[in-house]
Amino acid sequence: MNPFSLLIKPAGADCNLRCQYCFYIDHLDEGKPKPRMSVQILERMISSYMQTNQNLSYVFGFQGGEPTLMGLEFFKTVIELQKKHAPPGATVSNGLQTNATLITEEMAEFFGEYKFLLGVSLDGPDYIHDNYRKTIGKTPTHHLVMRGIENLKKYDVEFNILTLVNNESVKKAGEIYNYMKKKDFFFQQYIPCVEYGENNKPLPYSISGREWGDFLIELFDEWVKEDTRKVSIRLFDSIMEYLVYGRYNVCYMNNNCCQYFVVDHDGSIYPCDFFVRDDLVLGNIKTSNWYDFLNSPIYLRFGKQKALWNKSCDNCLFVQLCNGDCPKFRLGGTTPKPLSRLCQGWKKFYAHTYPRFKLLAEELRKEFNVKEATPIGNLKFGRNEPCPCGSGKKYKYCCM
């Protein structure tokens with residue numbers, strides 16, 4: 001059995017905010033009972049997972065919606081059940097993705113005691129963050145997030161910042177990055193906002209591939225000045241992981257989407273957080289086991305679609321860094337053949353940054369005495385050759 005992690009939605013899609021760009025916003029029904037995971041389902045999930053062979057390393061990630069809606073007692077029960085069912089010598093890791101607006105001092109103290117790693121959603125300074133991230137009553141939330149962060153800091157809870165890059169913030173990479181640095185937020189993650197409406201048309205807050213590429217280039221140019229050993233940006237770390245060690249540590253870079261399982265509040269199991277859909281339900285933890293899920297034809301078919309990329313990817317210099325990109329970005333569906341909406345941006349970004357990433361990788365290999373990993377494709381393009389970003393311009397006039 002290959003190791004896998006769990007992404008758990010104990011409160012389903014329920015959330016105390018109503019961020020306009022949230023891909024779960026259509027799942028929120030004010031008239032229905034609030035989804036909440038029962039103790040019975042929680043224990044079944046934990047006990048059965050800890051009976052699988054994960055090389056004694058068990059990874060639980062709690063997400064939503066907003067998982068802190070479950071309250072502190074729920075997470076105390078999580079720890080009790082993990083202690084009860086963990087095999088001898090096991091290592092247990094707990095993560096939590098949150099908007100941080102409900103993080104009390106008591107909750108922060110608990111997360112600090114049990115070494116939870118938190119991801120806090122923050123889009124930048126207040127005038128950027130509050131543009132889309134509002135309460136149910138449509139009031140700003142930036143000050144509430146910062147209050148929650150202060151509680152985390154007080155109890156030494158490790159956290160990183162997750163920033164969703166939308167149509168309003170995509171031209172402000174440097175401003176957002178320097179704001180994060182000023183706040184001493186040195187662990188950062190940036191996610192492109194790409195959501196679709198009818199007929200697979202991008203919604204207004206989505207960004208284009210070109211915009212994504214420009215954002216990443218501006219971000220990189222700020223970071224590379226003096227912060228390569230100071231600020232961790234997950235995308236950049238993942239590129240370095242591949243260049244130094246030859247391995248992937250984020251799912252979108254891999255060539256198969258069988259990476260983890262989503263566990264919904266009612267015990268339903270899905271293959272991916274972006275694809276919690278009725279036609280992709282693998283079963284339920286109450287009646288099936290992890291062996292069944294790992295061998296589900298739906299799961300295996302879903303995983304294999306990642307490598308069924310567009311033909312133009314075959315000749316791309318950077319295909320080993322994305323393997324066709326996340327299926328979510330392939331024009332809004334699971335059909336594997338369309339190009340990723342972000343393809344142009346990825347090419348522009350990699351053409352601009354690869355030479356410097358390669359130098360950084362060489363430094364790290366020497367520092368840690370690591371043999372050179374498998375190089376990416378044939379990244380040998382000259383200054384007067386067509387730029388790999390696909391602009392049609394000569395490389396020296398485009399992405400250098």
Side-chain angles (χ1 to χ4, degrees), residues 19 21 61 63 93 95-101 103 111 116-133 141-142 144-153 156-194 207 211-244 248-253 273 321-322 326 342 345-346 349-350 352-353 356-357 360-361 364:
C19 306
Y21 53 49
Q63 200 177 45
S93 301
L96 184 79
Q97 182 61 44
T98 177
N99 59 44
T101 61
I103 301 289
F111 290 148
F116 276 64
L117 173 63
L118 268 63
V120 175
S121 297
L122 180 67
D123 286 354
D126 54 3
Y127 80 95
I128 295 176
H129 175 92
D130 288 336
N131 189 54
Y132 285 121
R133 298 188 65 82
T141 62
H142 184 273
L144 300 176
V145 178
M146 298 307 293
R147 180 189 66 189
I149 288 175
E150 288 305 310
N151 287 334
L152 296 178
K153 286 182 173 181
D156 297 320
V157 181
E158 291 190 31
F159 67 93
N160 55 50
I161 298 294
L162 188 148
T163 298
L164 191 69
V165 182
N166 57 66
N167 67 314
E168 294 292 334
S169 60
V170 72
K171 293 180 174 60
K172 299 165 183 171
E175 184 175 349
I176 294 171
Y177 177 72
N178 286 305
Y179 171 81
M180 299 298 181
K181 277 181 59 179
K182 186 177 179 181
K183 293 292 185 180
D184 293 336
F185 300 153
F186 296 139
F187 294 87
Q188 305 170 13
Q189 182 178 358
Y190 296 87
I191 303 294
C193 182
V194 180
I207 62 174
E211 289 174 323
W212 178 234
D214 290 341
F215 178 92
L216 291 178
I217 287 171
E218 184 177 346
L219 182 68
F220 177 86
D221 287 347
E222 287 293 318
W223 173 78
V224 82
K225 289 177 184 176
E226 56 184 22
D227 297 333
T228 60
R229 301 299 183 97
K230 179 181 179 181
V231 178
S232 168
I233 296 177
R234 189 181 184 194
L235 168 61
F236 300 170
D237 292 347
S238 299
I239 295 168
M240 295 302 296
E241 181 82 9
Y242 183 76
L243 291 178
V244 174
Y248 301 116
N249 65 0
V250 290
C251 59
Y252 91 89
M253 283 186 174
D273 187 32
L321 284 168
C322 76
C326 176
L342 303 177
W346 284 125
F349 166 67
Y350 285 125
H352 177 79
T353 60
R356 281 171 284 183
F357 272 127
L360 288 170
L364 288 176

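Nothing fancy with the numbering, it's 1 onward along the sequence.
For T101 (side chain) and L144 (main-chain N/O), no donor-acceptor pair under 3.5 Å exists by modelled atom type. No donor-acceptor distance shorter than 3.5 angstrom exists from the side chain of D227 to the backbone of K230, with no hydrogens or angles considered. When atom types are taken as modelled, the side chain of D123 and the backbone of I128 share no donor-acceptor pair closer than 3.5 angstrom. Not a single donor-acceptor pair under 3.5 Å links the side chain of T98 to the backbone N or O of V120.
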Carefully, step by step, assess V194 and W212 under the rule side-chain contact (heavy atoms from CB on, under 4.5 Å).
CA-CA 10 Å; V194 180; W212 178 234; over 6 Å; no
When you look at L117 and F187, which way does the side-chain contact (heavy atoms from CB on, under 4.5 Å) test go after all the steps?
CA-CA 12 Å; L117 173 63; F187 294 87; over 6 Å; no
Decide side-chain hydrogen bond (donor to acceptor under 3.5 Å, both in side chains) for Y132 and N167; before the verdict, give the C-alpha distance in whole Å, the side-chain angles of both, and the deciding distance to 0.1 Å.
CA-CA 10 Å; Y132 285 121; N167 67 314; 2.6 Å; yes
side-chain contact (heavy atoms from CB on, under 4.5 Å) for T353 and L216? Distances and angles first, verdict last.
CA-CA 10 Å; T353 60; L216 291 178; over 6 Å; no
Take N99 and S121, measure what side-chain hydrogen bond (donor to acceptor under 3.5 Å, both in side chains) needs, and give me the verdict at the end.
CA-CA 5 Å; N99 59 44; S121 297; over 6 Å; no
Pair F215, Y190 - check ring-ring contact (aromatic ring centres under 6.0 Å, His included), show working.
CA-CA 10 Å; F215 178 92; Y190 296 87; 5.7 Å; yes
Determine whether R229 and L364 satisfy the following criterion, side-chain contact (heavy atoms from CB on, under 4.5 Å), listing intermediate values before the conclusion.
CA-CA 11 Å; R229 301 299 183 97; L364 288 176; 3.6 Å; yes
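The closest side-chain heavy-atom distance from N249 to M240 is not below 4.5 Å. The side-chain heavy atoms of L152 and F116, taken from C-beta on, include no pair separated by under 4.5 Å. In this structure, Q188 and T163 have side chains that are not in contact, with every pair of non-hydrogen atoms separated by 4.5 Å or more. A heavy-atom distance below 4.5 Å is found between the side chains of Y252 and C322. Residues L122 and K183 fail the side-chain proximity criterion, which asks for heavy atoms closer than 4.5 Å.
With salt bridges taken as basic N to acidic carboxylate O contacts below 4.0 Å, none links E218 and K171.
Remark: L162 CG to Q189 CD distance equals 4.5 Å, nearest 0.5 Å. Rounded to the nearest 0.5 angstrom, N151 CG and M146 CE are separated by 11.5 Å. Rounding to the nearest 0.5 angstrom, the gap separating the CD1 atom in I207 from the SG atom in C193 is 7.5 Å. For the atom pair OG1 (T228) and CZ (F357), the distance works out to 10.0 Å, reported to the nearest 0.5 Å. Note that CG of D237 is 9.5 Å distant from CZ of R234, once rounded to the nearest 0.5 Å. In this structure, the separation between CD1 on I233 and CG on L219 is 4.0 Å, given to the nearest 0.5 Å.
Heavy atoms only, all atoms of each residue included: S238 and V250 are closest at OG-CG1, 3.2 Å. For the residue pair N160 and G119, the shortest heavy atom distance occurs at OD1-CA, 3.3 Å.
Aromatic ring orientation, W223 versus F236: tilted (interplanar angle from 30° to 60°). A perpendicular orientation is assigned to the rings of H142 and H129, their planes being inclined by more than 60° (bins at 30° and 60°).
Applying the side chain to side chain contact (heavy atoms under 4.5 Å, CB included) criterion to R356, with sequence neighbours excluded, gives F220, D221, V224, H352.
Results of the side-chain contact (heavy atoms from CB on, under 4.5 Å) test with E168 over N166, V170, V165 single out N166 as the only residue that passes.
Annotation for F185: atom CZ counts as buried by contact number, over 12 foreign heavy atoms lying within 6.0 Å.
A ring-centre distance under 6.0 Å is found for Y242 and Y248.
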